[in-house]
2 protein chains.
Amino acid sequence: MSKPATITDVARLAGVSITTVSRILNNKPDVAQATRQRVLDAIQQLNFTPHVQAQRLAAGKSQSIAVLYPSDSLGFTELEFEFFVGASQVATKAGFLFNLIVTPMNEQTLLNLYRSNQVDGVILMEVHLNDRRVAVLRERGYPFVLIGRCTENTGLSTIDLDFETAMLLACEHLYSLGHRHIGFTNLIGARAGYGPAIRSLWGYQRACEQFGIEPIYRELKPTIDELYRATEALLDEQPGMTAMITLHTGPLVGAIRAAQNRGLCVPDQFSIVGILSDQMAQFISPPLTAISFPAQLMGSRAAQMLIRKLQDADYEDKQVLLKPRLVIRDSTAPARTSER
Amino acid sequence: MSKPATITDVARLAGVSITTVSRILNNKPDVAQATRQRVLDAIQQLNFTPHVQAQRLAAGKSQSIAVLYPSDSLGFTELEFEFFVGASQVATKAGFLFNLIVTPMNEQTLLNLYRSNQVDGVILMEVHLNDRRVAVLRERGYPFVLIGRCTENTGLSTIDLDFETAMLLACEHLYSLGHRHIGFTNLIGARAGYGPAIRSLWGYQRACEQFGIEPIYRELKPTIDELYRATEALLDEQPGMTAMITLHTGPLVGAIRAAQNRGLCVPDQFSIVGILSDQMAQFISPPLTAISFPAQLMGSRAAQMLIRKLQDADYEDKQVLLKPRLVIRDSTAPARTSER
DNA sequence: TTGTAGGCGTTATCAA
DNA sequence: TTGATAACGCCTACAA
């Protein structure tokens with residue numbers, strides 16, 4: 001583990017000044033072809049790589065971004081992984097380091113991230129309508145991007161799935177299959193202002209009005225058991241219910257099981273629509289009719305926006321809202337008009 | 001976005017030298033109580049946070065670790081997410097930055113990671129029996145930890161699941177249920193020396209000998225379709241086969257489906273055992289009897305080992321091998337002695 | 001086209 | 001118990 005070569009070593013070996021080496025490293029013009037070659041040779045020979053800490057200190061940038069994913073939030077879903085991979089790929093390609101921080105941060109630690117120059121910018125996940133983190137960062141003018149969005153997003157860079165439309169689509173699909181009693185089990189947190197939860201609820205409510213159907217609504221923690229019990233309860237209370245939409249990714253297996261345990265065959269007697277990744281939708285039996293959640297895309301777009309923002313002084317903030325897409329698989333079928 | 005305060009500002013405000021402030025920041029002894037308080041007040045007042053780049057440059061450490069997960073490797077499984085979360089939590093708690101790098105690296109870029117001081121150490125995933133990355137890093141004496149292991153691990157820090165024993169357990173379970181024709185669909189890559197694949201194969205082979213049963217073996221890419229087709233093919237070719245073990249996490253749904261499509265009820269007429277996270281095992285229908293894969297634990301243990309190694313000069317390398325645990329759920333049942 | 005010199009914000013080594 | 005001062009490795013005016 002001998003000490004890595006420094007720019008000084010290179011300069012000495014090539015018989016030039018440090019400045020010249022630096023110029024070449026940073027692709028500045030005004031270097032004689034011969035000199036450049038000599039320096040490049042020296043670099044090669046010494047296996048030299050610039051010391052990033054030093055570069056960053058001198059340049060005043062950290063060249064790294066972080067994703068803040070408070071892991072206590074909602075338990076496992078398959079989506080996170082895709083977000084991370086998408087963002088990490090983009091970051092690496094752009095020469096940025098990608099930090100994943102799953103420990104929840106308070107206002108202080110969040111600001112320190114910037115002040116201490118650990119990161120140039122962050123991607124915030126699990127965003128609420130009134131997110132303190134957003135308020136704090138916005139006020140200080142620190143660069144960041146949201147996966148999700150707030151109530152007031154002017155001047156922010158955001159990327160989100162249009163959950164409201166997603167719910168409309170889902171309801172429409174079921175309605176067109178003849179379903180008139182459609183339940184919706186939402187993520188917990190709508191009241192707390194958790195974006196996806198509250199917007200889905202709005203969408204559901206709008207759909208109910210639009211189609212003239214009666215809402216059947218629950219909020220749950222995203223565990224299989226919860227969804228299992230809730231589904232059973234709903235089936236009991238709502239004998240007329242022939243279909244369900246759920247925002248919970250994995251646990252929605254609980255819903256399927258509960259239905260099946262009641263002797264209800266999915267989809268022949270009971271239809272289910274989810275919102276989840278295409279991957280996961282196919283892992284489930286039966287393969288799920290679902291709004292697909294393009295998590296990897298969202299992760300990479302978020303990273304792109306952030307990095308551009310960091311590099312372009314006059315980058316314009318954008319609020320990207322992805323149009324949801326319904327993929328019909330095997331968990332939905334026409335409603336039996338007779339009874340359930 | 002006013003410039004953050006520096007140590008100089010603090011020193012000036014407190015009326016002491018930079019050195020003194022530095023001492024206090026680093027909890028050195030020999031500072032008068034009164035001085036300390038004065039400096040702390042100044043720090044508070046200025047909202048000062050040390051500039052990490054500068055600290056790291058001066059100290060010669062980057063205080064960050066990275067996980068190298070080449071994302072082209074095997075496609076999605078739910079396990080990665082858990083690895084990352086586990087490692088990230090530990091890193092943050094220890095004051096380290098956690099970098100996730102999913103872009104595959106060649107020898108050069110890997111070494112540059114160290115030389116450029118981006119990271120102090122890395123956690124390698126997707127390890128092969130003869131892993132070039134390991135050879136390269138070991139030779140240079142750079143600190144790293146493996147999730148997985150090689151053929152020769154002396155002097156390395158590794159953590160791995162004992163796949164060989166896992167396969168023995170799985171076979172034993174099925175054998176004790178009366179199954180005598182047990183198929184095994186492995187991850188592709190055994191021949192290429194991919195650790196989990198090859199060790200599982202060894203375990204399976206040992207189990208077959210031990211129980212005197214005939215191996216029924218396939219290697220596949222981890223997609224639902226592949227596993228679906230392979231299972232169908234196996235069912236055709238091996239009319240006596242009543243059970244299957246598979247190393248593929250999600251796609252094993254394909255196996256279940258194929259069996260069911262043949263009119264084989266799982267588990268009554270066909271048993272399946274997987275190796276996957278407890279989470280995922282429950283997402284699947286029927287809930288899967290499986291060797292549980294403690295990914296989050298492995299991630300955090302790996303990070304712990306690495307960080308200790310970085311901090312303790314005389315840290316002893318350990319090769320940790322986790323004992324597998326079989327959790328019996330609803331995908332295995334006694335073999336029908338009659339026929340399938 | 002090239003080099004000199006100062007600075008980035010810390011830590012570490014000596015003196016005082 | 002404190003404080004100069006020299007690193008750390010690189011970048012960047014400015015000068016030559």
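Quick note: numbers below take in every heavy atom, side chains included, and nothing from hydrogens, waters or symmetry partners.
- Between the side chains of B:Ser17 and B:Thr20, at least one donor N or O sits under 3.5 Å from an acceptor N or O.
- As judged by a 4.0 angstrom heavy-atom cut-off over every strand, B:Val52 is placed among residues making no nucleic acid contact.
- In terms of phosphate contacts, A:Lys28 brings a side-chain nitrogen or oxygen within less than 4.0 Å of OP1 or OP2 of D:dT12.
- Of the two residues contacting DNA chain D, namely B:Ala32 and B:Ala54, the nearest-nucleotide position lying further toward the 5' end is that of B:Ala32.
- Here B:Ser22 reaches the OP1 or OP2 of C:dT11: one of its side-chain N or O atoms lies under 4.0 Å away.
- Map A:Thr19 and B:Ala59 each onto its nearest nucleotide of DNA chain D; the residue landing nearer the 5' end is B:Ala59.
- Side-chain polar atoms of B:Asp41 and B:Gln45 form no donor-acceptor pair below 3.5 angstrom.
- Here B:Asn26 lies in heavy-atom contact (under 4.0 Å) with sugar-phosphate atoms only.
- Side-chain N/O atoms of B:Asn153 and B:Thr158 include no donor and acceptor closer than 3.5 Å.
- Under 4.0 angstrom from either OP1 or OP2 of D:dC11 there lies at least one side-chain N or O belonging to A:Gln55.
- Following rounding to the nearest Å, A:Ile7 (CD1) and D:dG9 (P) show an atom-to-atom distance of 11 Å.
- One can place CD1 of B:Ile18 at 13 Å from C1' of C:dG7, the figure rounded to the nearest angstrom.
- Between A:Thr35 and the phosphate of C:dT2, there is a side-chain N or O to OP1/OP2 separation shorter than 4.0 Å.
- Taking side-chain N and O atoms only, B:Thr20 has no distance below 4.0 Å to OP1 or OP2 of D:dT2.
- Look at CD on A:Gln53: it is 16 Å from C1' on D:dC11, rounded to the nearest Å.
- Across every non-hydrogen atom of A:Leu156 and A:Gln319, the tightest pair is O-NE2, 2.6 Å.
- Within the 4.0 angstrom heavy-atom criterion, no nucleotide atom of any strand lies near A:Val21.
- Judged by distance alone, with hydrogens and angles left aside, B:Arg23 brings a side-chain donor or acceptor within reach of the base of D:dG3, the pair sitting under 3.5 Å.
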